[in-house]
Amino acid sequence: MHNLGFALEGAWKVLAAGLLLGAGLPLLFALGIRSLAYGAGGDAEVHGSRPRPAGTVLGWVLFAVVLAGVLLGLTFIVASGFGKALSFEHVYPSIVDK
């Protein structure tokens, strides 16, 4: 019975990571594109409204979050290749020995 609990716990973690990285980062990227169009206004926007600087700032912030997620994933892959691990023991991620 304990094995079933361990399997479900592991499946939940895989599902959460898959949703976050598989759907979450592309969603944030799409929202960033939409925010840039909202910030540009004019022909980029459906209604042809005036430019809004807050939309442009939000778009670039969302792109920065997506870039940070991609770089964190690459760091995890490279660290694993060198026999290291990625630790979140502190607020920021660090590479430590396994």
(request) Each residue besides Val57 in its hydrophobic cluster should be listed here, by chain and number; the cluster joins Ile, Leu, Val, Met, Phe, Trp and Tyr at side-chain heavy-atom distances under 4.5 Å. (result) Val61
(message) I need the full list of salt bridge (charged side-chain N to carboxylate O under 4.0 Å, His left out) pairs touching residues 17-33, with sequence neighbours left out, sorted by first then second residue.
(response) none
(request) Check salt bridge (charged side-chain N to carboxylate O under 4.0 Å, His left out) between Lys98 and all other residues, then give those that pass, not counting sequence neighbours. (result) none
(message) Per the salt bridge (charged side-chain N to carboxylate O under 4.0 Å, His left out) rule, what does the pair list look like for residues 3-14, sequence neighbours excluded?
(response) Glu9-Lys13
Show me, pair by pair, the donor-acceptor contacts under 3.5 angstrom made by side chains of residues 64-87, not counting sequence neighbours?
| unit_1 | atom_1 | unit_2 | atom_2 | d |
| --- | --- | --- | --- | --- |
| Thr75 | OG1 | Leu71 | O | 2.7 |
| Ser80 | OG | Phe76 | O | 2.9 |
| Lys84 | NZ | Asp97 | OD1 | 2.6 |
| Ser87 | OG | Glu89 | N | 3.2 |

Could you list the donor-acceptor pairs under 3.5 angstrom formed between side-chain atoms of residues 17-36 and any protein atom two or more places apart in sequence or on another chain?
| unit_1 | atom_1 | unit_2 | atom_2 | d |
| --- | --- | --- | --- | --- |
| Arg34 | NH1 | Glu45 | OE1 | 3.3 |
| Arg34 | NH2 | Glu45 | OE2 | 3.4 |
| Ser35 | OG | Leu31 | O | 2.9 |

(request) Could you name each residue pair satisfying salt bridge (charged side-chain N to carboxylate O under 4.0 Å, His left out) that touches residues 55-65, not counting sequence neighbours? (result) none
(message) Would you call the rings of His90 and Tyr92 parallel, tilted or perpendicular, taking 30° and 60° as the class edges?
(response) parallel
(message) Quick test of your reading: applying salt bridge (charged side-chain N to carboxylate O under 4.0 Å, His left out), list the pairs with at least one residue in residues 46-74, sequence neighbours left out, ordered by first then second residue.
(response) none
(request) Would you list the pairs meeting side-chain hydrogen bond (donor to acceptor under 3.5 Å, both in side chains) in which at least one residue belongs to residues 16-28, sequence neighbours left out? (result) none
(request) Check ring-ring contact (aromatic ring centres under 6.0 Å, His included) between Phe88 and all other residues, then give those that pass, not counting sequence neighbours. (result) none
